[in-house]
Amino acid sequence: MNKKKINIFGVTGSIGKSTLQVLREEKIKDKYQPFVFSANENVDQLLKDCLEFKPRHAVIANESKYNILKKGLSGTDIQPSSGKKALLELASERVNWSMSAIIGFAGVEVALRCAEFSDVLALANKEALVCAGELLLSKINYHKNKLIPVDSEHSAIYQCLQGENRKGLKEIILTASGGPFRNWTMNDIKKATLKDALEHPNWDMGDKITIDSASMFNKSLELIEAMHLFNVSFHEIEVVIHPQSIIHSMVNFKDGTTIAQLAVPDMKGPIGYALNYPERDTIGLENINFTEVGQLEFFEPDYEKFHSLKIVEKVGRNLNLGVIFNAAKEVAVEKFISGEINFLDMALIVEKAINEKSLLDLTKSGKRTFLSLVEIDLAARDFSRNINF
Ligand code: NDP
């Protein structure tokens with residue numbers, strides 16, 4: 001049997017690690033030949049992963065780590081390389097499947113290459129859709145490749161829509177756990193520490209996305225992600241708080257039927273789905289024991305406490321603002337992590353950025369290319385860094 005050639009961009013991160021766990025599964029491991037593994041800084045972990053899985057290429061984005069990578073791979077057939085150029089060149093080699101899991105805007109260009117050169121783009125990097133949705137989808141369509149979402153909610157919706165006639169779709173229900181601050185007062189959230197924000201009740205994820213979940217910025221990005229993926233308007237998506245994170249999202253149909261996707265909250269689920277598609281196979285997860293779960297709850301989100309859900313509506317009306325929203329959000333999260341601002345200030349930074357005329361003007365000029373997105377991203381970061389409280 002010919003093994004499928006696969007890439008994992010961002011192999012050392014939370015999604016990368018879960019992808020490797022799926023690949024270690026007995027029924028899966030012999031079906032794939034890893035081609036490229038990439039990381040940014042964490043050369044020790046990259047080496048460990050490479051020595052275990054033996055991809056053809058290992059890329060470390062930070063060039064100063066190249067010698068460590070080269071030394072660690074000497075005597076193996078794995079080719080080391082470093083830097084963004086090498087990363088993009090390797091992402092431009094034809095493969096069967098790519099996991100795009102580099103976090104933030106930094107992952108967008110690689111995702112765009114995968115859209116062109118991978119038969120299947122397993123997309124975790126939601127920022128690629130938020131910032132460059134139109135560009136990404138046009139590449140997927142032009143090159144007749146397939147995009148399978150890995151974000152658990154979007155994987156759920158994708159699964160709910162399999163075999164359905166899209167004319168029957170009424171709306172999408174995007175579930176959210178509510179994060180660690182669901183029952184906190186505004187006053188307490190204002191004083192929340194980094195440690196508080198990193199304590200997600202259900203999901204074990206990378207630090208930045210965990211902070212995004214606590215502020216619901218993650219859900220805001222997901223609303224835009226869903227608009228692009230499923231070609232629906234902002235008002236055709238409802239956010240519902242579901243603290244158990246068992247239902248990963250649902251679709252309402254015109255005939256009054258709702259289809260939901262349920263599974264334990266573990267990213268191996270959506271990753272395994274994207275890897276095995278269109279089949280399903282063992283990926284090391286058990287089915288839900290419903291009598292143990294007992295109860296599933298649903299609540300409306302609190303738009304005052306989670307201001308990001310309100311702000312994002314403006315992006316929902318004009319998707320060109322996605323890149324500003326994301327850049328300002330990334331700067332705001334960095335400022336919160338460094339202790340420069342309090343938790344609620346993050347939303348204020350993003351709100352100011354998406355209302356800033358000079359930034360909005362940039363989104364109106366010319367044809368949308370990746371370079372024009374970089375220009376807007378940089379300007380939005382600059383503007384957001386200079387906001388003082
Ligand atoms: P992590 O921060 O855990 O990992 C990010 C990965 O990207 C690491 O391998 C990191 O390398 C690499 N990386 C970071 N910056 C760069 C850069 N400038 N150039 C090249 N590589 C870089 O993130 P997550 O795994 O949590 O998230 C990855 C993506 O998946 C995000 O877009 C997130 O929104 C999305 N996602 C994540 C979920 C989760 O459960 N974690 C769920 C759904 C979506 P290094 O380790 O060397 O720093």
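We count ligands from 1, going down the list as the structure has it; atoms in each ligand are counted the same way.
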K.L.:
For the 3.5 Å polar cut-off, considering only N or O atoms, please tell me whether M205 and ligand 1 meet it.
P.N.:
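Looking only at distances, the answer is no, because the N/O contact criterion of under 3.5 Å is not met.
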K.L.:
Where is the nearest protein heavy atom to atom 4 (O) of ligand 1: which residue, which atom, and how far?
P.N.:
G13 CA, 3.1 Å
K.L.:
Would you mind listing which atoms of ligand 1 come within a distance below 4.0 Å of any non-hydrogen atom of A39?
P.N.:
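So the answer, numbered in order with elements, is 11 (O), 47 (O).
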K.L.:
Give me the residue, atom name and distance of the protein heavy atom closest to atom 6 (C) of ligand 1.
P.N.:
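The answer is A101 O, 3.5 Å.
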K.L.:
Look at E52 together with R24 and state whether they make a salt bridge at an N to O cut-off of under 4.0 Å.
P.N.:
yes
K.L.:
Nearest heavy-atom pair of A347 and I311: which atoms, and what distance?
P.N.:
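Looking at all heavy atoms of both residues, the shortest contact is O-CD1, 3.3 Å.
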K.L.:
Checking side-chain contact (heavy atoms from CB on, under 4.5 Å) between I241 and each of E300, R182, K219, E297, which is the one that passes?
P.N.:
R182
K.L.:
Between I209 and ligand 1, which residue portion shows a heavy-atom distance shorter than 4.0 Å: side chain, backbone, both, or neither?
P.N.:
side chain
K.L.:
Tell me whether K29 is salt-bridged to E25, with the criterion being a basic N under 4.0 Å from an acidic carboxylate O.
P.N.:
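Here K29 does not pair with E25 in a salt bridge, since their nearest N and O are not under 4.0 Å apart.
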K.L.:
Salt-bridge test for D361 and K357: reply yes if a basic N is under 4.0 Å from a carboxylate O, no otherwise.
P.N.:
yes
K.L.:
Cation-pi check for F389 against K352: NZ or CZ below 6.0 Å from the six-membered ring centre and within 45 degrees of the axis, yes or no?
P.N.:
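Yes, cation above the ring, under 6.0 Å and within 45°.
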K.L.:
Quick check: does S14 get an N/O under 3.5 Å from an N/O on ligand 1?
P.N.:
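N/O-N/O distance under 3.5 Å: yes.
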K.L.:
Nearest protein heavy atom to atom 25 (O) of ligand 1, by residue and atom, and its distance?
P.N.:
I15 N, 2.9 Å
K.L.:
Can you measure from CD (E222) to CG (D212) and round to the nearest 0.5 angstrom?
P.N.:
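E222 CD to D212 CG: 9.5 Å, rounded to 0.5 Å.
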K.L.:
Any salt bridge between R94 and D119, counting N to O under 4.0 Å?
P.N.:
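Yes.
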K.L.:
Return the residue, atom name and 0.1 Å-rounded distance of the protein heavy atom closest to atom 31 (C) of ligand 1.
P.N.:
I103 CG1, 3.7 Å
K.L.:
Of all the non-hydrogen atoms in the protein, which one sits nearest to atom 32 (O) of ligand 1, and at what distance?
P.N.:
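Looking at atom 32 (O) of ligand 1, the protein heavy atom closest to it is E127 OE1, 2.7 Å.
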K.L.:
Can you find an N or O of N40 that's nearer than 3.5 Å to an N or O of ligand 1?
P.N.:
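N/O-N/O distance below 3.5 Å exists for this pair.
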K.L.:
Taking the six-membered ring of Y32 as reference, does the NZ or CZ atom of K4 fall below 6.0 Å from its centre and within a 45° cone about the axis?
P.N.:
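Output no; distance or angle outside limits.
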K.L.:
What about T12: any of its N or O atoms under 3.5 Å from an N or O on ligand 1?
P.N.:
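Yes, there is a polar N/O contact under 3.5 Å.
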K.L.:
What atoms of ligand 1 come closer than 4.0 angstrom to any heavy atom of A106?
P.N.:
17 (C), 18 (N)
K.L.:
Looking only at side chains, do T258 and N252 share a donor and an acceptor under 3.5 Å apart?
P.N.:
yes
K.L.:
May I ask you to check if ligand 1 and M267 share an N or O to N or O distance below 3.5 Å?
P.N.:
no
K.L.:
Quick one: do K310 and E304 make a salt bridge, cutoff under 4.0 Å?
P.N.:
yes
K.L.:
Has ligand 1 got any nitrogen or oxygen that is less than 3.5 angstrom from a nitrogen or oxygen of L87?
P.N.:
no
K.L.:
What protein heavy atom lies closest to atom 35 (C) of ligand 1? Include the residue and the distance to one decimal.
P.N.:
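Of every protein heavy atom, A124 O, 3.1 Å lies nearest to atom 35 (C) of ligand 1.
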K.L.:
May I ask you to decide if the ring planes of F336 and F343 are parallel, tilted or perpendicular, using 30° and 60° as cut-offs?
P.N.:
perpendicular
K.L.:
Going by heavy atoms, is K126 under 4.0 Å from ligand 1?
P.N.:
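Yes.
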K.L.:
For ligand 1, which atoms have a heavy atom of A61 less than 4.0 angstrom away?
P.N.:
19 (N), 20 (C)
K.L.:
What residue and atom, counting heavy atoms only, is the protein's closest point to atom 44 (C) of ligand 1, and at what distance?
P.N.:
D151 OD1, 3.3 Å
K.L.:
Could you tell me whether F306 and F181 have their ring centroids closer than 6.0 angstrom?
P.N.:
no
K.L.:
Within ligand 1, which atoms have a heavy atom of G10 less than 4.0 Å away?
P.N.:
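So the atoms of ligand 1 that pass are 6 (C), 7 (O), 9 (O).
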K.L.:
Suppose I only count heavy atoms of N125 and a 4.0 Å limit; which atoms of ligand 1 are within that range?
P.N.:
32 (O)
K.L.:
Considering non-hydrogen atoms of the protein only, which is the closest contact for atom 26 (O) of ligand 1, and what is the distance?
P.N.:
G206 N, 3.2 Å
K.L.:
Below 3.5 Å, N or O to N or O, backbone or side chain included: is there any such pair between E41 and ligand 1?
P.N.:
yes
